[in-house]
Amino acid sequence: MIEQKYKMIILGPPASGKGTQAEFLAKKLNLPTISAGQLLREEVDKDSEIGREIKDYMEKGELVPNRFTNELVKARLEKDDCSDGFISDGFPRIRIQAKFLDTFVDLTQAIVIRVSDEEVERRLAGRRICSKCGKVYHLEFNPPLKENACECGGKLELREDDTPQAIHQRLKIYHEETEEVADYYQEKGILIEINGEQSIEKVKKEVFNKLKIKS
Ligand code: AP5
């Protein structure tokens, strides 16, 4: 049973484990995970009008303009299943988005997972994603039971923006624009800092401990 509302966001560089930890929290707290990147990728896959406009930004590892991202995320967070709480993975990632979020949500926690650039590059090379259900694996740190296959039977694939150029761009944007979003939440007194350079299980333990959730 949820005794407290959790309206939280997870910040961090690419491959810091935002999605991985968001799933643990979602399962434990029975809350939805809202991934801005996933919402945007769904638009691209649907080949919607928005999808066609944003595809190029995503493949290059650039930020998708706010006029698309803000409304997409807002519409998702205003759905009924988010009324008791949610975990937002990857939104906001610039100050202007953080201010936009403040206009319709009272965040309870902002988690930032810290990881070095070298570790990001190591992790992205080994990441594989299920083409059917979206589950995330790592060839070395979180391998699938069966080679190249998800537990649901789907085929595992590389993500389109996990190319060296796009990774470089995503890291650049993180340092230039997203890091200061953590400062914004520090000033508000809701920032929780996590050392992401530990095993997946140890990161999970640190997150749960700092949120005072029993694992
Ligand atoms: P998004 O999908 O959010 O990508 P990202 O921020 O680059 O983050 P990733 O999904 O790559 O990594 P993650 O931190 O979730 O790590 P994961 O758990 O998968 O965004 C994609 C794009 O969408 C952006 O580039 C932009 O174009 C657009 N976009 C998104 N949000 C936007 C916004 N707000 N505004 C504008 N545009 C936006 O883990 C990575 C790998 O490492 C996995 O293989 C995992 O198994 C492994 N791993 C995880 N934790 C550990 C650990 N502790 N030790 C070892 N391995 C680990």
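Since we're looking at a predicted model, the values are computed, not measured. Every heavy atom of this structure was used, including side-chain atoms; hydrogens, water molecules and symmetry mates were not. Just follow the structure's listing: the first ligand is 1, and inside any ligand the first atom is 1.
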**Q** Ignoring hydrogens and geometry, is there a side-chain-to-backbone donor-acceptor pair from Arg52 to Asp47 under 3.5 Å?
**A**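 Such a contact is found between Arg52 side chain and Asp47 backbone.
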**Q** When you look for heavy atoms under 4.0 Å from ligand 1, do you find them on the side chain of Ser35, its backbone, both, or neither?
**A**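 For Ser35, no heavy atom sits under 4.0 Å from ligand 1.
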**Q** With heavy-atom distances below 4.5 Å as the criterion, would you say the side chains of Thr20 and His138 are in contact?
**A**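 Contact flag for Thr20/His138 side chains = no.
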**Q** Which residue supplies the protein heavy atom nearest to atom 53 (N) of ligand 1, what is that atom called, and how far is it?
**A**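 Going atom by atom, the protein heavy atom closest to atom 53 (N) of ligand 1 ends up being Gln198 O, 2.8 Å.
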**Q** Among all protein non-hydrogen atoms, which one is nearest to atom 15 (O) of ligand 1, and what is the separation to 0.1 Å?
**A**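 Answer for atom 15 (O) of ligand 1: Gly19 N, 2.9 Å.
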**Q** What I want to know is whether Phe141 and ligand 1 share at least one N or O pair that is separated by under 3.5 angstrom.
**A**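 No, no N or O pair falls under 3.5 Å.
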**Q** Arg41 near ligand 1, heavy-atom distance under 4.0 Å?
**A**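 The answer is yes, since Arg41 has a heavy atom less than 4.0 Å from ligand 1.
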**Q** Under 4.0 Å, counting heavy atoms only: does Ala166 come that close to any atom of ligand 1?
**A**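 In this structure, Ala166 fails to qualify as a contact of ligand 1 - no heavy atom is under 4.0 Å.
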**Q** Would you find a donor on one side and an acceptor on the other, under 3.5 Å apart, between the side chain of Thr108 and the backbone of Lys7?
**A**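 Indeed, once roles are kept as given, a pair shorter than 3.5 Å links the two residues.
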**Q** List every atom of ligand 1 that sits less than 4.0 Å from any heavy atom of Ala36, numbering the atoms from 1 in the order shown and giving each element.
**A**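 In order of number, 31 (N).
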**Q** Ser199: heavy atom below 4.0 Å from ligand 1, yes or no?
**A**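 Ser199: in contact with ligand 1 (<4.0 Å).
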**Q** Among all protein heavy atoms in this structure, tell me which lies nearest to atom 9 (P) of ligand 1, with the distance rounded to 0.1 Å.
**A**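 Going by distance alone, atom 9 (P) of ligand 1 is nearest to Arg127 NH1, 3.3 Å.
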**Q** Select one of side chain, backbone, both or neither to describe which atoms of Arg159 lie under 4.0 Å from any atom of ligand 1, heavy atoms only.
**A**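 Contact part for Arg159 vs ligand 1: side chain (C-beta onward).
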**Q** Mind checking who shares a hydrophobic cluster with Tyr137, ILVMFWY linked at side-chain heavy-atom distances under 4.5 Å?
**A**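 Besides Tyr137, the cluster holds Leu156.
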**Q** Using a 4.0 Å heavy-atom threshold (strictly under), name the region of Leu40 that reaches ligand 1: side chain, backbone, both or neither.
**A**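 For Leu40, the contact with ligand 1 is made by the side chain alone.
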**Q** Applying a strict 4.0 Å limit to heavy atoms, is Gly196 in contact with ligand 1?
**A**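 Heavy atoms of Gly196 do come under 4.0 Å of ligand 1.
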**Q** Which atoms of ligand 1 sit under 4.0 Å from any heavy atom of His138?
**A**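 Per the distance check, 44 (O), 46 (O).
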**Q** Hey, is ligand 1 close enough to Gly90 that some N/O pair sits below 3.5 Å?
**A**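 Yes.
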**Q** Which residue owns the protein heavy atom closest to atom 44 (O) of ligand 1, what's the atom, and how far is it?
**A**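 It is Tyr137 O, 2.7 Å.
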**Q** Identify, for atom 17 (P) of ligand 1, the protein heavy atom at the shortest distance, and state residue, atom and that distance.
**A**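 The closest heavy atom on the protein side is Thr20 OG1, 3.7 Å.
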**Q** Side chain to side chain contact (heavy atoms under 4.5 Å, CB included) between Lys214 and Phe208: does it pass, once the steps are laid out?
**A** CA-CA 7 Å; Lys214 279 192 189 150; Phe208 278 40; over 6 Å; no
**Q** If you define the side chain from C-beta out and look only at heavy atoms, does anything of Pro32 sit under 4.5 Å from Lys79?
**A**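 Heavy-atom side-chain distance check fails, nothing below 4.5 Å.
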**Q** Would the number of heavy atoms belonging to other residues, nucleotides or ligands and lying under 6.0 Å from CD of Glu160 be above 12?
**A**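 No.
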**Q** Quick one: which ligand 1 atoms are inside 4.0 Å of a heavy atom on Pro13?
**A**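 Here the atoms of ligand 1 in question are 14 (O).
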**Q** Could you tell me the separation between the CD1 atom of Ile54 and the OG atom of Ser48, rounded to the nearest 0.5 Å?
**A**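 It is 6.5 Å, given to the nearest 0.5 Å.
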**Q** Tell me whether Ala15 has any N or O atom under 3.5 angstrom from an N or O of ligand 1.
**A**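 Min N/O separation from ligand 1 is below 3.5 Å for Ala15.
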**Q** Of all the non-hydrogen atoms in the protein, which one sits nearest to atom 8 (O) of ligand 1, and at what distance?
**A**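 Sorting protein heavy atoms by distance from atom 8 (O) of ligand 1 puts Lys18 NZ, 3.1 Å first.
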**Q** Against the six-membered ring of Phe24, is Lys28 placed for a cation-pi contact (under 6.0 Å from the centre, within 45° of the normal)?
**A**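 No, Lys28 does not lie over the aromatic ring of Phe24.
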**Q** Heavy atoms only: which of Arg128, Lys60, Arg170, Arg93 lies closest to atom 20 (O) of ligand 1?
**A**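 Checking each option, the heavy atom nearest atom 20 (O) of ligand 1 is found in Arg93.
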**Q** Counting only N and O atoms by type, is there a donor-acceptor contact under 3.5 Å from the side chain of Arg123 to the main-chain atoms of Ala15?
**A**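 Indeed, once roles are kept as given, a pair shorter than 3.5 Å links the two residues.
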**Q** Check for a donor-acceptor pair, side chain of Gln21 on one end and backbone N or O of Gly17 on the other, with a separation under 3.5 Å.
**A**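 Pair absent, no side-chain N/O of Gln21 close to backbone of Gly17.
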**Q** Kindly check if the number of other-residue, nucleotide or ligand heavy atoms within 6.0 Å of NE2 (His168) is above 12?
**A**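 Count not over threshold, so no.
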**Q** Relative to atom 42 (O) of ligand 1, which among Arg123, Met58, Gln38 owns the nearest non-hydrogen atom?
**A**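 Closest candidate by heavy-atom distance is Arg123.
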**Q** Return the closest protein heavy atom for atom 43 (C) of ligand 1 as residue, atom name and distance.
**A**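 Protein heavy atom at minimum distance: Val136 CG1, 3.5 Å.
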**Q** Indicate if Val181 and Leu40 have the same hydrophobic cluster label, given that clusters are the connected sets of ILVMFWY residues with side-chain heavy-atom separations under 4.5 angstrom.
**A**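 Cluster IDs for Val181 and Leu40 match.
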**Q** Hey, is CG on Asp45 packed in by over 12 heavy atoms from elsewhere, all under 6.0 Å?
**A**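 For Asp45, atom CG is crowded (more than 12 foreign heavy atoms under 6.0 Å).
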**Q** Quick one: look at Val203 and ligand 1, take heavy-atom pairs under 4.0 Å, and tell me if it's side chain, backbone, both or neither.
**A**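 Under 4.0 Å from ligand 1, Val203 contributes side-chain atoms alone.
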**Q** Tell me which protein heavy atom sits closest to atom 35 (N) of ligand 1, plus the residue, atom name and distance to 0.1 Å.
**A**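 In this structure, atom 35 (N) of ligand 1 has Gln97 NE2, 2.9 Å as its nearest protein heavy atom.
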**Q** Output the list of atoms in ligand 1 that are nearer than 4.0 Å to some heavy atom of Asp161, sorted by atom number.
**A**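 Counting atoms of ligand 1 from 1, those under 4.0 Å from Asp161 are 21 (C).
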**Q** Examine the proximity of ligand 1 to Val73 and report which part, side chain or backbone, both or neither, has a heavy atom under 4.0 Å away.
**A**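 The answer is neither; Val73 stays 4.0 Å or more away.
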**Q** So is Ser16 in contact with ligand 1, going by heavy-atom distances below 4.0 Å?
**A**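 Judged by the 4.0 Å heavy-atom criterion, Ser16 does count as contacting ligand 1.
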**Q** Taking atom 26 (C) of ligand 1 as the point of reference, which of Glu160, Glu62, Gln169 owns the nearest heavy atom?
**A**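 Looking at heavy atoms only, Glu62 sits closest to atom 26 (C) of ligand 1.
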**Q** Suppose clustering is done on Ile, Leu, Val, Met, Phe, Trp and Tyr with side-chain heavy atoms closer than 4.5 Å. Which residues sit in the same group as Ile173?
**A**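 The other cluster members (ILVMFWY side chains, heavy atoms under 4.5 Å, direct or chained) are Leu63, Ile94, Ile96.
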**Q** Taking Ser131 for its side chain and Lys155 for its backbone only, find out whether a donor-acceptor pair lies under 3.5 Å.
**A**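 The answer is yes, because a donor-acceptor pair under 3.5 Å joins these two groups.
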